[in-house]
Amino acid sequence: MTTYDADGITLHKVRDYVWEIPQEGDMRTPARVLASEQLLDEISEDKTLQQLKNATHLPGMTKHAICMPDGHQGYGFPVGGVGALDAESGCISPGAVGYDVNCGVRMMTTNLTYEDVKGHEEELVDSLFANVPSGLGGGGIVESDIDTVEAILENGVEWAVEEGYGVEADLLACEDEGRRPDADPSAISQKAKDRGKNQIGSLGSGNHFLEVQRVTDVFREDVADEFDLREDQIVVLIHCGSRGLGHQTCNDYLRKIEKTHSGLLQQLPDKELAAAPAGSKLAEEYYGAMCAAINFAWVNRQLIMHRTRRVFERVFDRTWEQMEMELLYDVAHNIAKKETHTVDGEDRELYVHRKGATRAFPAGHPEVPAAYRDVGQPVIIPGSMGAGSYVLRGGDRSMEETFGSTAHGAGRLMSRTQAKNEFWGGDVQDDLRESQQVYVKAQSGATVAEEAPGVYKDVDEVVRVSDALGIGDKVARTFPVCNIKG
DNA sequence: ATGTAC
């Protein structure tokens, strides 16, 4: 049997791209890493494998804890991690969802081609930068009060459409039609609501961005047709999350859960995995709060998308309807969701934690929107500013292999601090502009350095593994035209 | 990711 030794943790090769850490000691299940040897070399550089192993100690872990090909170290639980925990006898863990609840991406298609945009890059990037709020701290598209925040937490994108920040069709291209029904605004603290009220419609900082892209390759013509994607087409990618509101919510519940469920905490190998037992008051409250934060992040992306339509109208002097600027899909990267999965022939209710992982339901799944049900749900994988991004579709093997999930991006190779030592933001910007015709505008040079193309894994390799495993299949590839960030 | 610090 082929094995891989990573600093005290031995992985056994199950088959191509599937590696298993066998169950031992207090592990409740084995753990699996889905990666090529090249990616496994990178994944074993930090604490990812130890964190994955630790995750198998969570009560109710089902089949195995999984690390995606883009996995790296996170708070307690790997980014690029999937953990399906029994929703009746298991638990729910905020650290396995992530601080930025419903950090995610959406892609909007257009009928413009690269030729239409060439020569307008400067104007476009300046106008987007001036009109889409970004960076740390406050200032969003809507300045609101607590009542408005509560309506957003309760109603999600429905609120945005009622207020004129979108159209009915936008709802259909969103998971749960843009509204998580289990949201409980009363479970979100006053402090979190205060942080959220002047950040509605704002990108934030870090790896969050808005990018105008062109489609460079189509791999599955039939699926690309259904997604309305074709070569040379201009599309827009928006990557952001729930800002201070989600961050505060994660923090609030970690502290409450550590205190109330200290007995469970003591059984876990890492305090950062703090979890609330299924059925407990805190598990219900956290789930309601997380779902409300999910709604907030959806509205955030919706407002930014709508503002982008307005910017395109001014720059190209046509209406957004004439440019057919339609939402392809919106995917969540950081959530836990109650889902029914078949495990050993039995239907089970599970809290599927996807932290830096994307739902990738295949063709025929009833929760895939009708427009995509015949081909599988769109999966959007942002890469770096120098490498481009991918659109996949949920693969036929995803339900069996990964609880209907795949990777979420390229995955970091180095920490932000390390990135700032290696790169200078201004140089990165000049390089992208001169050698790749990519126009980048950011609030802070440090953010550009932190997000330099060189800090990311090879997105082609990540996607190749997803495709080879049949969990997310390649549909199209895009390359940046201009990018704004925090 | 984040009012970049409990």
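Please read all numbers here as calculations on a predicted model, not as lab measurements. Because only heavy atoms are used, hydrogens play no part in the values below, and waters and symmetry mates are left out as well, while side chains stay in. A note on names: the letters A, B, ... follow the listed sequences, proteins ahead of strands, and every chain is numbered from 1.
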(request) Mind calculating the distance between CG (A/L254) and P (B/dT2) to the nearest angstrom? (result) 16 Å

(message) The criterion is salt bridge (Lys or Arg N to Asp or Glu O under 4.0 Å); which residues satisfy it with A/R354, sequence neighbours excluded?
(response) A/E339

(request) Check the distance between B/dC6's P and A/D252's CG and give it to me in whole angstrom. (result) 15 Å

(request) Whole angstrom is fine here: how far is it from OH in A/Y75 over to C1' in B/dA5? (result) 15 Å

(message) With a 4.0 Å limit, can you tell me whether A/R416 has a side-chain N or O closer than that to the phosphate oxygens OP1/OP2 of B/dT4?
(response) no

(message) Without decimals, in angstroms, what is the distance between A/R255 CZ and B/dA5 C1'?
(response) 13 Å

(message) From NE2 of A/H247 over to P of B/dC6, roughly how many Å is that when rounded to an integer?
(response) 10 Å

(message) Angle between ring planes, A/F77 versus A/H353, binned at 30° and 60°: parallel, tilted or perpendicular?
(response) tilted

(request) With sequence neighbours left out, write down each residue that passes side chain to side chain contact (heavy atoms under 4.5 Å, CB included) with A/V79, or none if nothing qualifies. (result) A/H72, A/K355, A/H408

(message) Does A/K191 reach a base, just sugar-phosphate, or nothing at all? Heavy atoms under 4.0 Å.
(response) base

(message) Please report the distance, rounded to the nearest Å, between CG in A/L136 and P in B/dT2.
(response) 6 Å

(request) Have a look at A/G206 and say if it touches a base, only the backbone sugar-phosphate, or nothing, with a 4.0 Å heavy-atom cut-off. (result) sugar-phosphate

(request) Check step by step if salt bridge (charged side-chain N to carboxylate O under 4.0 Å, His left out) holds for A/E42 and A/K457. (result) CA-CA 8 Å; A/E42 292 165 358; A/K457 296 187 186 47; 5.2 Å; no

